[in-house]
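Notes for the one structure printed next.
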Amino acid sequence: RGKMLPSVSTRFNKTVKAIAAMVYEKYPRADLRLWAYSQYREVPVGVDIDPRMLVWYCISNRCYGHGLDDPDCERNVARYDLLNRWRKASGNRVYFYDYLTCTPQYYTCNETTEPHDIRLYKRLGILGWKNEAPFSDAFFVPVRKEGFDRRTQRFPSCWQWLYVTAHMLWDPDLDEHALLDDAESKYYGAAYPAMREYQACRRKLWSGNRNHMGYPMDDQRRPSVLDAEGSKERLLGLLDRADALAAGDARLRSRLRLERQWLTDYWIAPNEVLRARRAHPISAPL
């Protein structure tokens, strides 16, 4: 009692430093990385990080609905503070191990926040970024809450996020709006006038929602984006307009069918479940 509990991260980093010293003695140019992950994510106390080592900082528990440096997002305030403490401890030799794919990101609009964060990483001098790829035929994690596995739709339904992120990791100063306009005009072809309004509406609904998104709380934002009065009807009406513009184009009609399926499965259905739960006064949202 009255004494500070021993830090698991400090003990881990002492062990890492001892092993690294033996490696560097024989291979002084070895490329060694330090995990800042799980129980070992806190900055160690009284342990100097070898300046030759790179730190992989795992950003799990952050919110992907808000920018990492958003002062009004309590989850990101904590993660951003820890990042800056690791930057200081490591001499700003930090890589990001991102965790978005641990949240079921189906038909989300992360292309609205990722560009902001990538530009932030550039300003901070972050050395690199990686995320995980949930391969459609991989079953490492049992399906629990979803009831059935839709991982084959994770990346296709969020292709705009992947497209913008891939480009901006090479050049953070690119204009994400120009990138999206160029890609979507080609993808939607003759239906683009309606689909441009449709995607603008989706992104406005997404950005205007203050709920969080991210492991371990799953996606608290997506089920509530259609709470806005008339939003579902507007989106469905724009899809109807797009269908009319795509008449005679089988490939484009198939893309629009996917769009309608994603809207139905990942926005409309969860919103209906959420509205039904609200009808019971003893059921409180997470």
Side-chain angles (χ1 to χ4, degrees), residues 64-65 100-101 103-115 134 136 146-167 175-211 213 218-278:
Y64 290 97
L100 174 59
T101 54
T103 297
Q105 82 287 17
Y106 296 108
Y107 208 44
T108 58
C109 298
N110 296 97
E111 66 273 10
T112 62
T113 51
E114 194 82 75
S136 59
E146 296 169 85
F148 57 94
D149 194 6
R150 294 188 177 187
R151 75 186 68 198
T152 57
Q153 297 302 313
R154 286 193 185 185
F155 278 3
S157 69
C158 299
W159 69 265
Q160 290 97 329
W161 162 65
L162 292 165
Y163 183 83
V164 167
T165 300
H167 278 274
D175 181 349
E176 67 270 25
H177 304 291
L179 286 171
L180 286 167
D181 188 59
D182 178 62
E184 290 181 336
S185 65
K186 294 170 180 173
Y187 181 77
Y188 295 118
Y192 186 50
M195 291 307 294
R196 185 175 188 177
E197 288 187 51
Y198 174 85
Q199 295 296 357
C201 182
R202 282 185 68 236
R203 289 168 187 143
K204 183 177 180 180
L205 290 168
W206 184 264
S207 299
N209 189 296
R210 292 301 297 173
N211 283 330
M213 175 197 178
D218 293 334
D219 187 350
Q220 297 171 279
R221 173 170 293 207
R222 184 164 44 86
S224 62
V225 286
L226 292 182
D227 282 350
E229 189 67 31
S231 55
K232 179 180 77 171
E233 292 75 17
R234 173 163 172 73
L235 289 173
L236 289 172
L238 288 168
L239 284 179
D240 291 340
R241 276 181 51 196
D243 280 334
L245 292 171
D249 188 330
R251 176 180 293 181
L252 184 49
R253 292 293 296 274
S254 69
R255 291 176 178 176
L256 295 177
R257 280 195 297 272
L258 261 181
E259 207 81 43
R260 192 180 294 269
Q261 176 189 328
W262 292 332
L263 177 67
T264 301
D265 291 349
Y266 304 131
W267 281 34
I268 295 176
N271 186 248
E272 290 175 349
V273 171
L274 185 63
R275 287 173 183 266
R277 286 176 178 168
R278 287 174 181 154

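Below, all heavy atoms of this structure are taken into account, side chains as well, without hydrogens, waters or symmetry copies.
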Kindly determine whether Y266 and Y107 satisfy ring pair (Phe, Tyr, Trp, His ring centres under 6.0 Å), including the steps that lead there.
CA-CA 6 Å; Y266 304 131; Y107 208 44; 7.1 Å; no
In sequence, state the C-alpha distance, the side-chain angles, and the governing distance for K232 and N271, and then conclude on side-chain contact (heavy atoms from CB on, under 4.5 Å).
CA-CA 10 Å; K232 179 180 77 171; N271 186 248; over 6 Å; no
Check against side-chain contact (heavy atoms from CB on, under 4.5 Å), L263 and L239
CA-CA 10 Å; L263 177 67; L239 284 179; 3.8 Å; yes
side-chain contact (heavy atoms from CB on, under 4.5 Å) between Q160 and N110: does it pass, once the steps are laid out?
CA-CA 8 Å; Q160 290 97 329; N110 296 97; over 6 Å; no
Using the side-chain contact (heavy atoms from CB on, under 4.5 Å) rule, take Y163 and D182 through it: C-alpha gap first, then chi angles, then the decisive distance, then the call.
CA-CA 11 Å; Y163 183 83; D182 178 62; 4.2 Å; yes
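Side chains of N209 and D227 form no contact here, defined as non-hydrogen atoms less than 4.5 Å apart. Proximity of L205 to W267: side-chain heavy atoms (C-beta onward) are separated by under 4.5 Å at one or more points. The side-chain heavy atoms of V164 and E114, taken from C-beta on, include no pair separated by under 4.5 Å. In this structure the side chain of L162 never reaches within 4.5 angstrom of the side chain of H167, judged on heavy atoms. A heavy-atom distance below 4.5 Å is not found between the side chains of L245 and L252. A 4.5 Å side-chain heavy-atom check between R222 and Q105 finds every atom pair outside the cut-off. Contact of the Q153 side chain with the L258 side chain is registered, since non-hydrogen atoms from C-beta on lie closer than 4.5 Å. The side-chain heavy atoms of R257 and S254, taken from C-beta on, include a pair separated by under 4.5 Å.
With respect to D240 and R260, a salt bridge is recorded, a charged nitrogen being found less than 4.0 Å from a carboxylate O. A salt bridge between R203 and E184 is present, with a side-chain N of the basic residue lying under 4.0 Å from a carboxylate O of the acidic one. No salt bridge links R255 with D249; every basic N to acidic carboxylate O contact stays at or beyond 4.0 Å.
Using modelled atom types and a 3.5 Å distance limit, the side chains of Q199 and E259 yield a donor-acceptor pair. For the residue pair D181 / Y192, a side-chain donor-acceptor distance below 3.5 Å is found, with atom types taken as modelled. At a cut-off of 3.5 Å, with distance as the only test, no side-chain donor of T103 or D218 sits close to an acceptor on the other residue.
Judged by distance alone, with hydrogens and angles left aside, the side-chain atoms of D219 form no donor-acceptor pair with the main-chain N or O of M213 at under 3.5 Å. Without hydrogens or angle criteria, R210 side chain to G65 main chain gives no donor-acceptor distance under 3.5 Å.
The environment of E229 atom CD is sparse: at most 12 non-hydrogen atoms of other residues, nucleotides or ligands sit within 6.0 angstrom.
Closest approach of S224 and R278 over heavy atoms only: CB-NH2, 4.3 Å. Nearest approach of A246 to A191, heavy atoms of both residues: CB-CB, 4.4 Å. The heavy-atom pair separating R202 from C109 by the smallest distance is NH2-SG, 3.5 Å.
Within the model, atoms SG of C201 and CZ of R196 stand 14.5 Å from one another, a figure rounded to the nearest 0.5 Å. To the nearest 0.5 Å, atom OG1 of residue T165 and atom CD of residue E111 are 8.5 Å apart. Distance check, rounded to the nearest 0.5 Å: CG of L256 to CZ of R251 gives 13.0 Å.
For R221 and W206, the positive end sits near the middle of the six-membered ring, less than 6.0 Å away and at most 45° from its axis.
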